[in-house]
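Reviewing the structure listed below.
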Amino acid sequence: MPAPALRQTLPQFTPEHDTTNAPASRPGSGLRVVHPDDFEVSVEVLPAEDSFTETEDVSAIGVKRPGLTWSTLIFSFIAGLTFATLSGCQWAAGSQNSQGAAMYNQGQYTAAMEQFQKAIASAPEDPDGYYNLAATTHRLGNQRQDANLIRQSEALYNQCLDHDPDHVDCHRGLAVLLVDSGRPDRAFTLLKNWAAQNPTLSEPRIELARLYEEHGEPQTALKYLEDAVQQDANNPRAWLALARLRESGGDSVQALQNYQRALALGGSSLGNNATMATERVAALSRQLNSAYDAQMNAGGTQIAAPVQFGSTRY
């Protein structure tokens, strides 16, 4: 059985497409790859380019639309590997998933799909194989504007969820597909049903917040994110999303605290978003300090210089 997943960051992916020069799809969901090893490391993935930024995370797929603040600022997903304890046919699936991921990272989507199909044949119960194939098919379908490929990717996302009903990346990818294909109501239903079935899980609420923000309802998004951190106060992804939303709403003090909490809980697990969060902490700190200095100067108040002393107390 695979060990519990650990998040690890890999270099940012910049694809060169082998099949078309069509615009890249958005990072609404990412590529999760299984590789044989002694432990499992699932990494938020490669942008099926264009999200939910998502970066990233995001975690990779979908046609980019302007104004998706969550997509462009929160979930930037980069290529990742899932390491698991494998044996027999699972070793073959792990190798095939890894090869497929390498090809995907090089923009060789058709070749990647072939490897993921082999991985599914080797380990038909493994949800990551279906997710990898779904994400790659989704991206290629977007590039080619091929409705048949989009339908295939939708079916594959559902097969992934049949094997793992709580697969976060798969829920995100499927929600992106539903929105991009003109069915946002279905995307909301998908995520609301997931949340209802998992009342103590924070991830569905994070994804719902993303969707509400992208549809111009930041207050509803805020409510879901507040619920998410109440459900799991140790989820750095939830705190990061909350920080971004509060900053965009002008609440710099709370945003700063939320960024700091996200970094304290799991900076390394945030991938490239850890760098973004660190930069925002620095920027907000400067902003708040400047505002405080201006207020003090306007009031003619000066702060006394600290007395220098030597102490062994601390």
Check: Would you say L222 and R246 make side-chain contact, with heavy atoms under 4.5 Å?
Finding: yes
Check: Is E154 salt-bridged to R183, cutoff N-O under 4.0 Å?
Finding: yes
Note to self: I need the full list of salt bridge (charged side-chain N to carboxylate O under 4.0 Å, His left out) pairs touching residues 102-125, with sequence neighbours left out, sorted by first then second residue.
What the structure shows: none
Item checked: Shortest non-hydrogen contact between N97 and A119, atoms and distance -> ND2-CB, 3.6 Å
Checklist line | salt bridge (charged side-chain N to carboxylate O under 4.0 Å, His left out): pairs with one or both residues in residues 276-289, sequence neighbours excluded | finding: E247-R280
Next item on the list: Might you point out which heavy atoms bring S269 and P236 nearest each other, and give the distance in Å?
Entry: OG-CG, 3.7 Å
Checklist line | Worked check of side-chain contact (heavy atoms from CB on, under 4.5 Å) between L140 and R144 | finding: CA-CA 6 Å; L140 195 58; R144 295 179 177 178; 3.7 Å; yes
Notebook entry, point to check: Taking everything shown except R186 itself, do over 12 heavy atoms lie less than 6.0 Å from its CZ?
Noted result: no
Check: Looking at S202 and D232, what are the two nearest heavy atoms and their distance?
Finding: OG-CB, 3.8 Å
Note to self: Does any part of the side chain of S248, heavy atoms only, come nearer than 4.5 Å to the side chain of P218, both counted from C-beta?
What the structure shows: no
Check: Pick from H167, Q152, H138: which one makes a side chain to side chain donor-acceptor pair (under 3.5 Å) with Y157?
Finding: H138
Note to self: What I'd like to find out is whether the side chain of R172 reaches to under 4.5 Å of the side chain of D169, using heavy atoms alone.
What the structure shows: yes
Notebook entry, point to check: Are side-chain heavy atoms of L256 and V281 found at a separation under 4.5 Å?
Noted result: yes
Checklist line | Test item: V168 and H171 side chains (from C-beta on) under 4.5 Å apart, heavy atoms | finding: no
Margin query: Distance check, rounded to the nearest 0.5 Å: L133 atom CG versus S153 atom OG?
Written below: 9.0 Å
Checklist line | Non-neighbouring partners of D227 that pass salt bridge (Lys or Arg N to Asp or Glu O under 4.0 Å), sequence neighbours left out | finding: K223
Next item on the list: Measure the OH-CD1 distance between Y224 and I206 for me, rounded to the nearest 0.5 Å.
Entry: 13.5 Å
Check: Does R261 have any salt bridge (Lys or Arg N to Asp or Glu O under 4.0 Å) partners at least two apart in sequence or in another chain, and if so, which?
Finding: none
Next item on the list: Step by step, work out the side-chain contact (heavy atoms from CB on, under 4.5 Å) result for E207 and L211.
Entry: CA-CA 6 Å; E207 299 303 326; L211 202 56; over 6 Å; no
Notebook entry, point to check: Please, which pairs that meet side-chain hydrogen bond (donor to acceptor under 3.5 Å, both in side chains) have at least one residue in residues 187-197, sequence neighbours excluded?
Noted result: D166-W194, K192-Y212
Check: Rounded to the nearest 0.5 Å, how far apart are CG of L240 and CG of L265?
Finding: 11.0 Å
Next item on the list: For V229, check side-chain contact (heavy atoms from CB on, under 4.5 Å) against everything at least two apart and list the hits.
Entry: A238, W239, L242
Notebook entry, point to check: Do V179 and H215 have side chains that get closer than 4.5 Å, going by heavy atoms?
Noted result: yes
Item checked: From CG (D164) to SG (C170), nearest 0.5 Å -> 8.5 Å
Checklist line | Contact check, side chains of R151 and N148, non-hydrogen atoms, under 4.5 Å | finding: yes
